[in-house]
Amino acid sequence: MSELPVHAPAVSTRATAAGLTAQEVLTAAGAKDSAVARVDGVLVDLTSVVAQDAVVEQVPYASPDGLAVLRHSAAHVLAQAVQELFPGTLLGIGPPIKDGFYYDFLPAQPFTPEDLSLIEKKMSDITRQRQRFSRRVVSERDAKAELGHEKFKLELIALKGSAPEESVEVGGTELTIYDNLVGTETVWSDLCRGPHLPTTRDIPAFKIMRSAAAYWRGDQANEQLQRIYGTAWASKDDLKEHLRLIEEAEKRDHRRLGVELDLFSFPDEIGSGLVVFHPKGGVIKREMEDYVRRRHLEEGFDYVGTPHIAKEGLFHTSGHLPYFADGMFPPMVMEGSDYYLKAMNCPMHNLIYRSRGRSYRELPLRYFEFGSVYRNEPSGVIHGLTRVRGFAQDDSHSYCTKEQAPDEVKHLLTFILGLLKDFGLDDFYLELSTRDDSKPDKFVGTNEDWVTATAVLEQCARDTGLELVPDPGGAAFYGPKISVQARDAIGRTWQMSTVQYDFNQPRGFELEYQAADGSRQQPVMIHAAKFGSIERFIGVLTEHYAGAFPAWLSPVQVVMIPVHSDYDGYLWEVAAQLKASGVRVEVDDSDDRMQKKIRNAQKLKVPFMLIAGGEDVEAGAVSFRFRDGTQDNGIPVADAVARIVEAVLSRA
RNA sequence: GCCGGCUUGGCGCAGCGGUAGCGCAACGCUCUUGUAAAGCGUAGGUCGUCGGUUCGAUCCCGACAGCCGGCUCCA
């Protein structure tokens with residue numbers, strides 16, 4: 001979003017003599033505002049000496065590389081501030097990230113909010129001192145000696161060369177340490193690849209955001225460190241704009257809007273991660289479901305229904321219990337059997353398939369339902385509607401021959417993308433989740449089947465023309481998957497739909513069809529959730545629209561407001577006409593004054609307010625006020641009704 | 001699940017070792033004339049739950065539950 005402002009093209013020039021610094025070369029070429037330089041394609045400090053004839057490019061602060069460097073430099077200042085305030089605190093890593101940076105620490109005590117204010121102040125002190133970042137190449141041996149007390153840094157040095165991913169600390173062919181100099185005195189040092197800004201004073205704008213815990217090197221089995229997040233920008237204005245965007249995002253948080261618009265809640269008495277939809281949220285849910293069900297029928301799916309629980313054996317047959325038991329609610333015992341709440345619908349659909357013999361003529365056979373599933377999500381991951389313990393998937397399973405599989409996957413992808421567009425989402429990319437070959441115990445099936453299935457999905461994904469991002473190791477235990485990631489109105493991405501290619505469950509359930517030659521063959525099944533989960537989708541839509549749903553989804557489509565209570569009766573008559581056309585309309589005949597009624601309807605983000613006073617009554621008209629505050633006055637009632645009905649039908 | 005923070009009427013917030021206030025919403029009355037807040041009054045809380053410390057706990061301590069921010073995980 002704000003990461004890529006329009007700027008003059010970066011200056012690119014050549015070093016005309018030996019012994020010049022990148023800064024000197026760029027200044028001679030008239031380039032100001034450089035965070036670092038790119039010399040022959042490599043980012044280096046402005047203070048580094050460049051070879052004669054080297055190509056030296058300016059890297060502006062506001063460029064992606066420039067931002068990464070200034071954020072990384074800010075991370076260094078953070079680490080320095082922490083170690084000065086809390087001596088003995090060990091350092092983890094401190095990379096730049098989207099919008100900012102973080103640094104991981106192992107302090108004696110976790111940081112308090114007061115600590116964070118102190119740290120931010122200390123950082124300001126350090127930046128004011130204009131400390132110079134000075135690069136020094138060290139041998140591995142010297143680095144180990146110098147950093148002997150920093151056990152995490154030692155681990156990074158040991159990983160150098162063996163780690164597949166390069167980090168901001170080590171990488172490339174040599175180890176470097178950056179010293180912070182005041183005059184000629186070194187006041188602080190850190191193992192770092194660089195490059196950095198020339199001085200701490202060159203960090204244009206930063207702010208400490210929050211602290212949180214994080215596992216060392218992202219592994220739950222490792223020690224937990226304290227991470228401090230900050231944000232940093234190329235100018236104070238950029239920082240202000242970033243903070244404003246955060247505020248905007250908070251305003252459209254679906255958890256907040258859920259309360260304000262009376263859509264849903266999460267009663268403690270029911271349990272964590274279990275939602276109840278209130279009548280207004282129920283309208284949105286019903287409209288969505290009705291539309292999605294209709295579209296499935298149009299696309300050749302059969303609507304089916306299955307229970308919420310099943311005996312243990314079913315989930316053994318499907319293979320879920322061995323691989324997914326931790327993700328399921330614990331069983332309940334009845335009449336000597338263990339019953340599980342289902343965490344997925346496929347096993348039950350398989351039983352419908354298996355209920356009688358199947359012919360190749362029936363394939364592809366497509367079952368669809370809003371299947372309620374329950375998953376034992378760890379308490380710490382539950383989040384509003386986007387991560388719950390009980391939810392409905394708009395789940396389908398397509399049974400087809402191997403030969404039909406590519407076409408069926410394509411069919412599903414086309415269907416899904418069209419459906420998401422119908423709900424106002426139109427910016428997507430795809431993710432291809434594949435098997436992790438180093439963890440064979442987490443996946444079932446032969447290598448050959450995995451290769452085939454993955455190839456089919458990859459080809460279909462490429463055929464959409466959308467960006468395709470690999471997700472190694474992200475596959476389900478029974479097969480690879482494509483997931484559709486949608487970007488919302490303010491650029492955040494959400495995982496929505498999934499399409500999974502499954503050759504394992506048909507084997508486990510011994511699913512068969514009789515082929516044209518009379519032989520019995522095994523079908524493959526394609527799992528597909530279009531919205532992923534109804535609950536998550538409602539949460540995402542709420543944020544996408546900031547609660548201002550399009551008219552067809554709005555819980556209340558029209559609020560009628562009399563200028564004076566004398567006109568209540570007239571509005572009730574108009575409302576009756578709207579109701580007769582299927583419009584969800586309310587008449588505000590409360591004791592509030594007109595202005596207050598407008599305010600109330602505006603806060604509820606009702607798409608149409610219809611206001612009427614003496615002038616309208618005389619003319620047989622009503623006056624529109626729209627959500628954006630604009631008006632359209634004196635519209636004949638029949639026209640007004642037609643306009644509203646048209647807006648709803650067009651799903652605008 | 002892990003780390004930290006938080007939990008006071010429906011919602012948003014004060015308060016703080018001597019058993020609680022404000023605004024909005026609700027309810028009642030008086031109002032109502034053209035596009036974002038009329039006035040007055042009334043009612044509503046065993047301060048998340050359980051235990052401990054104390055003469056006395058909403059306040060201090062502990063456990064549990066829930067929520068929030070992250071990590072890990074995921075539709």
Side-chain angles (χ1 to χ4, degrees), chain A residues 102 104 109-113 115-116 209-229 253 255-256 259-260 262 265-273 324 326-327 343-344 371 373 375-389 391-395 433 474 476 481 483-484 494-498 500 527-537 539-540 561-568 589-603 609-617 623-627 629-634:
Chain A
Y102 68 78
D104 286 342
Q109 299 289 328
F111 301 109
T112 65
D115 292 341
L116 295 185
M209 301 302 282
R210 64 175 67 91
S211 68
Y215 299 103
W216 169 237
R217 301 187 62 223
D219 189 334
Q220 216 172 118
N222 288 342
E223 200 158 2
Q224 202 161 39
L225 307 179
Q226 295 298 314
R227 176 172 296 178
I228 296 179
Y229 285 93
D253 188 314
R255 294 166 301 183
R256 173 173 167 165
V259 176
E260 287 174 5
D262 195 15
S265 60
F266 300 89
D268 289 357
E269 294 83 344
I270 296 179
S272 179
F324 201 69
D326 286 350
M344 63 296 297
V373 297
R375 295 185 183 176
N376 179 17
E377 299 293 344
S379 55
V381 309
I382 288 168
H383 182 96
L385 285 175
T386 57
R387 198 73 185 275
V388 290
R389 285 187 172 149
F391 58 101
Q393 295 178 307
D394 55 336
D395 205 2
S433 301
K481 78 177 172 196
S483 55
V484 179
W494 302 90
Q495 176 169 344
M496 321 265 16
S497 334
T498 59
Q500 301 175 320
H527 308 240
K530 272 62 48 173
F531 288 166
S533 105
I534 302 294
E535 285 76 5
R536 175 179 289 182
F537 196 71
V540 171
I561 298 172
V563 169
H564 182 275
S565 54
D566 288 351
Y567 311 115
D568 285 1
D589 58 2
S590 68
D591 287 342
D592 289 326
R593 288 170 140 82
M594 178 192 62
Q595 283 80 352
K596 181 62 176 293
K597 294 179 182 185
I598 289 169
R599 179 180 156 85
N600 287 343
Q602 191 79 42
K603 281 172 68 176
M609 288 179 224
L610 288 186
I611 298 170
E615 294 163 31
D616 294 293
V617 172
S623 294
F624 277 92
R625 180 191 161 101
F626 303 100
R627 263 192 300 229
T630 59
Q631 317 175 18
D632 208 347
N633 295 335

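Per chain, numbering begins at 1; letters A, B, ... match sequence-line order. Only heavy atoms go into these numbers, but all of them, side chains included; no hydrogens, no water, no symmetry mates.
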### Message
Let me spell it out: for each of A/Q631 and A/S565, pick the nucleotide of RNA chain B with the closest heavy atom. Which residue's pick is nearer the 5' end?
### Response
A/S565
### Query
Does B/G62 pair with anything, Watson-Crick or G-U wobble, both distances under 3.5 Å, and if so, with which nucleotide?
B/C50
### Query
In whole Å, what is the span from the NZ atom of A/K597 to the C1' atom of B/C31?
12 Å
#### Entry: Euclidean distance for C1', B/C11 against B/U35 (whole angstrom)
26 Å
### Query
Between CG of A/L385 and CZ of A/F266, what distance do you get to the nearest 0.5 Å?
4.0 Å
### Message
Could you tell me how far B/G51 sits from B/G69 if I compare only their C1' atoms? Round to whole Å.
### Response
29 Å
### Under 3.5 Å side-chain donor-acceptor pair for A/R625 and A/Q602
yes
### Query
Which one is paired to B/U35, where only Watson-Crick or G-U wobble pairs with both distances under 3.5 angstrom count?
none
### Message
I'd like to know if A/D616 reaches the base of B/G34 with its side chain, counting only an N/O donor and acceptor under 3.5 Å.
### Response
yes
### Query
Whole Å only: how far is the CD atom of A/E223 from the P atom of B/C3?
13 Å
### Query
Who does B/C55 pair with, Watson-Crick or G-U, both distances under 3.5 Å?
B/G18
#### Entry: Donor-acceptor under 3.5 Å (A/R536 side chain, A/T386 main chain)
yes
### Query
Given A/D219 and A/R217, is the salt bridge (Lys or Arg N to Asp or Glu O under 4.0 Å) satisfied, shown in steps?
CA-CA 6 Å; A/D219 189 334; A/R217 301 187 62 223; over 6 Å; no
### Parallel, tilted or perpendicular: ring planes of A/Y567 versus A/H564, cut at 30 and 60 degrees
perpendicular
### Task
Please name the pair of heavy atoms, one in A/F626 and one in A/D632, separated by the smallest distance, quoted to 0.1 Å.
CE1-CB, 3.9 Å
### Task
Can you tell me the distance, in whole Å, between the CD atom of A/Q226 and the P atom of B/C2?
15 Å
### Query
Between B/C2 and B/C73, how far is it from one C1' atom to the other, in whole Å?
12 Å
### Task
Give the rounded distance in Å between these two atoms: CD1 of A/I270 and P of B/G66.
13 Å
### Task
Give the rounded distance in Å between these two atoms: CG of A/D268 and C1' of B/C68.
14 Å
### Summary
Nucleotide by nucleotide, nucleotides 70-75 of chain B touches protein heavy atoms under 4.0 Å in the pattern (B base, S sugar-phosphate only, - none) BBBBBB
### Task
Round to a whole Å and report the spacing from CD1 of A/I611 to C1' of B/A36.
11 Å
### Task
Mind checking the OH-CD1 spacing from A/Y102 to A/I228? Nearest 0.5 Å is all I need.
13.0 Å
#### Entry: Chi class for B/U46: syn within 90° of 0, otherwise anti
anti
### Query
If you measure from the P atom in B/A26 to the same atom in B/G18, how many Å do you get, rounded?
35 Å
### Gap between atom OG of A/S623 and atom CD1 of A/I561 - 0.5 Å precision
11.5 Å
### Residue whose nearest RNA chain B nucleotide is more 5′ - A/G613 or A/P113
A/P113
### Query
In whole Å, what separates the C1' atom of B/G41 from that of B/C31?
14 Å
### Query
Is a side-chain donor or acceptor of A/R389 paired with a backbone partner of A/E377 at a separation under 3.5 angstrom?
yes
### Query
How does protein contact run along nucleotides 37-49 of chain B, one letter per nucleotide 5' to 3', with B for base contact, S for sugar-phosphate only, - for none, heavy atoms under 4.0 Å?
BB-----------
#### Entry: Base partner of B/G41, which must satisfy Watson-Crick or wobble distances under 3.5 Å
B/C27
#### Entry: P atoms of B/G44 and B/G62, separation to the nearest Å
36 Å
### Task
Report the base-pairing partner of B/G69 (Watson-Crick or G-U wobble, both distances below 3.5 angstrom), or none.
B/C3
### Query
Between atom CG in A/D104 and atom P in B/C3, what is the gap in whole Å?
16 Å
### Query
Could you give the distance from CE (A/M496) to CZ (A/F531), rounded to the nearest 0.5 Å?
8.0 Å
### Query
Which whole number of Å gives the distance between the P atom of B/C13 and that of B/U8?
9 Å
### Query
Are the side chain of A/N600 and the backbone of A/K597 linked by a donor-acceptor contact shorter than 3.5 Å?
no
### Message
Categorize A/S272 for me: base, sugar-phosphate, or nothing, with a 4.0 angstrom heavy-atom threshold over every strand shown.
### Response
sugar-phosphate
### Message
Roughly how many Å apart are B/C60 and B/A14, using the P atom of each and rounding to a whole number?
### Response
15 Å
